[in-house]
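Data first, discussion second: the structure below is written as structure tokens.
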Amino acid sequence: ASAQIGVTGLAVMGSNIARNFAKHGYTVALHNRSIAKTDALLAEHGGDGNFVRTETIEDFVAALEKPRRVLIMVKAGDPTDAVIEELAAAMEPGDIIIDGGNALYTDTIRREAAMKARGLNFVGAGISGGEEGALNGPAIMPGGPKESYESLGPLLESIAAQVDGTPCCTHIGPDGSGHFVKMVHNGIEYADMQLIGEAYHLFRDALGFDAKQIADVFTQWNSGELESYLVEITAEVLNQVDAKTGQPLVDVIVDAAEQKGTGRWTVKSALDLGIPVTGIAEAVFARALSGSRAQRKAAVGLAAGKLGEKPTDVVQFTEDIRQALYASKIVAYAQGFDQIAAGSAEYNWDLRPGDMATIWRGGCIIRARFLNRIKEAYDQNPELPSLILAPYFREAIETAIDSWRRVVATATLLGIPVPAFASSLSYYDALRAERLPAALTQGQRDFFGAHTYERIDAPGKYHTLWSGDRSEVSAD
Ligand code: NDP
């Protein structure tokens with residue numbers, strides 16, 4: 001037994017992570033259901049470091065130093081359960097199984113409990129960064145027993161992305177917390193992408209910019225407070241010219257967005273936790289709407305009504321869009337961090353939001369300069385009731401607010417859909433409202449269902465005898 005880590009599942013992610021471990025000097029045992037992938041990896045990249053080729057699970061497990069550490073990188077869902085079962089049967093108490101796939105956190109909670117009962121340590125680790133990140137440094141969000149992190153942490157931290165000397169990996173919390181946090185990361189990624197998409201739509205249809213002009217704007221934005229991986233790749237995609245037609249590639253791609261499910265999971269979980277993640281939800285719904293091709297085709301030509309004038313001050317409107325994007329992004333992150341706090345309370349995970357901001361600064365898809373600000377906000381006040389209330393973000397929104405309103409109003413008058421910009425602004429306005437129409441909702445609920453209400457001037461619950469003399473009675 002000579003390998004410090006084993007990787008099973010050598011498709012895109014697994015093979016790149018295995019190479020990453022090897023490049024950091026670890027001896028890596030390799031395993032894949034079909035041997036072809038193992039051999040292809042060795043043939044192409046065997047020179048990256050020390051690998052141990054194995055064919056059966058038994059050989060694979062036998063190749064590992066104790067306590068054994070195995071990273072599973074197979075398809076999420078049933079295949080992961082099958083591989084866990086095979087491994088568990090071959091491993092010994094104290095060994096560590098790490099699931100680095102995109103598992104649903106409730107599956108991870110279940111699996112962790114089952115492995116614990118068999119004396120095994122199970123670590124659900126969210127990994128972000130795609131293929132490139134897996135090879136050169138992803139962001140890693142490992143959950144599971146704290147003790148297992150003592151042996152596992154140094155390995156994961158060494159292969160993770162590093163920002164200012166700090167690894168983008170830390171122990172997140174018990175059982176499913178790592179995958180929960182990775183899920184919310186992906187939800188935020190959906191919101192961020194949707195907001196960028198809406199900005200692009202406005203440039204195209206409100207200002208009449210072509211793809212190249214829009215790419216230039218994003219390139220410029222990437223040197224300011226919006227600097228981020230997603231803004232950077234947006235410019236790259238918009239700059240790409242299609243070899244076949246000579247058109248910008250973006251203009252020949254079908255406008256129907258697909259999704260694998262982590263955004264949907266985030267919204268479902270937020271609904272259960274009662275947390276309004278409006279930016280993420282709008283992003284998931286926007287993808288669904290874009291993909292309803294038959295319905296969209298049938299709806300082309302529906303009345304737009306009398307549309308407003310296009311903006312004439314291009315420089316001002318460009319800045320307005322930038323501000324609207326920034327403010328909406330703050331809202332999306334604030335909502336995501338609210339969901340993390342709610343998940344933490346629900347499952348007793350004791351999560352530290354500042355940790356997420358720290359490890360998301362590098363390696364992952366939502367990496368951004370902005371996350372330094374979030375980290376600072378939680379450093380200053382770990383109990384922050386909302387990110388929006390941190391002085392820095394509060395001021396950023398104060399600066400952006402007029403632009404933000406102009407963008408949403410202009411888009412509405414031009415018939416350009418901006419669901420994430422608009423819902424984020426509505427969320428902000430609702431959050432800061434002194435009085436919401438929920439009082440009426442409570443009155444209605446009491447009317448038809450005797451659900452009771454509270455009064456602003458006295459404690460307790462009350463009910464009006466709506467079908468009687470309409471006097472009020474105490475409902476306590
Ligand atoms: P895939 O999700 O495409 O999975 C392919 C791998 O799973 C192959 O190694 C395959 O083995 C193995 N596999 C499938 N079914 C079984 C089974 N029943 N028993 C044993 N092995 C099985 O690979 P990716 O590399 O794209 O992703 C791996 C994991 O990482 C997934 O959970 C994914 O969600 C997650 N992830 C992916 C990211 C990405 O950018 N792609 C980013 C972050 C996480 P075989 O070769 O024999 O078919």
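All of these numbers come straight from a predicted model, not from anything done at the bench. Side chains included, hydrogens not; waters and symmetry mates left out as well; all remaining heavy atoms used.
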Between [Y] and [X], does any NZ, NE, NH1 or NH2 come within less than 4.0 Å of an OD or OE carboxylate oxygen?
X      : Y      : value
Asp175 : Arg111 : no
Lys268 : Asp272 : no
Lys329 : Asp192 : yes
Arg367 : Glu189 : no
Glu92  : Arg68  : yes
Asp81  : Arg110 : yes

Sole residue of Trp360, Phe393, Trp221 in ring-ring contact (aromatic ring centres under 6.0 Å, His included) with Phe370: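 Checked Trp360, Phe393, Trp221 against Phe370; only one passes ring-ring contact (aromatic ring centres under 6.0 Å, His included): Phe393.
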Check: [X] side chain, [Y] main-chain N or O, donor-acceptor pair, under 3.5 Å:
X      : Y      : result
Thr358 : Met356 : no
His201 : Ile196 : no
Thr54  : Leu30  : yes
Arg69  : Gly6   : no
Ser269 : Trp265 : no
Thr266 : Thr262 : yes
Asp99  : Thr108 : no
Glu198 : Ala420 : yes
Asn121 : Ile96  : no
His171 : Tyr149 : no

Hey, which of Ile140, Leu156, Asp355 is the one that makes side chain to side chain contact (heavy atoms under 4.5 Å, CB included) with Thr170?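 The side chain to side chain contact (heavy atoms under 4.5 Å, CB included) with Thr170 is passed solely by Asp355 among Ile140, Leu156, Asp355.
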